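What follows is a short report on a single structure.
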Amino acid sequence: MLRRQGHVPTPEASRYLQRLCYHFTRKITVYYDTHRGEAHFPWGLCVLQADDAALHFDCTAADAELLARVQFAIDAHVELFSRKSPVPVLWQPVQEAG
């Protein structure tokens with residue numbers, strides 16, 4: 001499994017998390033509350049965590065192409081929901097041990 005983490009610095013992380021997860025429920029399985037969510041895309045998983053300073057994403061998929069699809073879905077929806085004051089997702093790859 002490949003993994004990538006990202007975050008959006010915002011004091012409104014919980015609101016973004018809930019809006020994103022609610023929107024995703026139209027097409028995929030999603031579990032969420034005010035501080036944590038799991039979006040089960042057909043091509044991978046994204047776990048969302050909200051704290052006082054940022055919305056964090058921890059995404060996994062079986063290969064680089066599928067992980068790129070998960071990342072694209074998150075990027076596109078964050079852009080959609082932040083269009084009044086656009087905020088990019090700041091991504092970094094995660095080095096897995098072993």
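In what follows, residues are counted from 1 in the order of the sequence shown. Because the structure is predicted, anything quoted here is derived from the model rather than measured.
To the nearest 0.5 angstrom, H35 atom NE2 is 9.0 Å from L17 atom CG. Separation of atoms SG (C21) and CZ (R36) is listed at 10.0 Å; rounding is to 0.5 Å. Note: F57 CZ to H7 NE2 = 10.5 Å, rounded to the nearest 0.5 Å. Here D63 contributes atom CG and L2 contributes atom CG; the two are 7.0 Å apart, rounded to the nearest 0.5 Å.
Q49 is not listed as a side-chain neighbour of L55, based on a closest heavy-atom distance of 4.5 Å or more. Looking only at side-chain heavy atoms (C-beta outward), V30 and Y22 stay at 4.5 Å or farther from each other. Two residues are said to be in side-chain contact when any heavy atoms from C-beta on lie closer than 4.5 Å; V87 and V78 meet this criterion. In this structure, D58 and R3 have side chains that are in contact, with non-hydrogen atoms separated by less than 4.5 Å. By the 4.5 Å heavy-atom criterion applied to side chains, D52 and P11 are not counted as neighbours. L20 has its side chain out of reach of Y32: every pair of non-hydrogen atoms, C-beta onward, lies at least 4.5 Å apart.
Of all heavy-atom pairs between A13 and A54, the closest is CB-O, 3.2 Å. The shortest heavy-atom contact between C46 and C59 is SG-SG, 2.9 Å.
By the side-chain contact (heavy atoms from CB on, under 4.5 Å) test, H40 is found to be paired with T29, Y31, E38, L45, residues two or more places apart in sequence or in another chain being considered. Looking at residues two or more places apart in sequence or on another chain, you find a ring-ring contact (aromatic ring centres under 6.0 Å, His included) between F41 and F24, W43. Residues satisfying the salt bridge (charged side-chain N to carboxylate O under 4.0 Å, His left out) criterion with E12, sequence neighbours excluded, are R15. Taking the ring-ring contact (aromatic ring centres under 6.0 Å, His included) definition, one finds that F81 meets it with H23, sequence neighbours left out. Qualifying side chain to side chain donor-acceptor pair (under 3.5 Å) partners for D33, counting only residues two or more places apart in sequence or in other chains: none. Residues that satisfy the side-chain contact (heavy atoms from CB on, under 4.5 Å) test with P88, not counting sequence neighbours, are L90.
Side-chain contact check for R4 and Q92: no donor-acceptor pair (N or O, by modelled atom type) lies under 3.5 Å.
The same ILVMFWY cluster, assembled from side-chain heavy atoms under 4.5 Å apart, contains both V89 and L48. No chain of hydrophobic side-chain contacts below 4.5 Å, direct or via other Ile, Leu, Val, Met, Phe, Trp or Tyr residues, connects V47 to F72. Cluster membership for L67 and I74, using ILVMFWY side-chain heavy atoms within less than 4.5 angstrom, is not shared.
Proximity of a side-chain donor or acceptor of E79 to a complementary backbone N or O of D75 within less than 3.5 Å is not detected. Formation of a donor-acceptor pair under 3.5 Å by the T60 side chain with backbone atoms of M1 is not found in this model.
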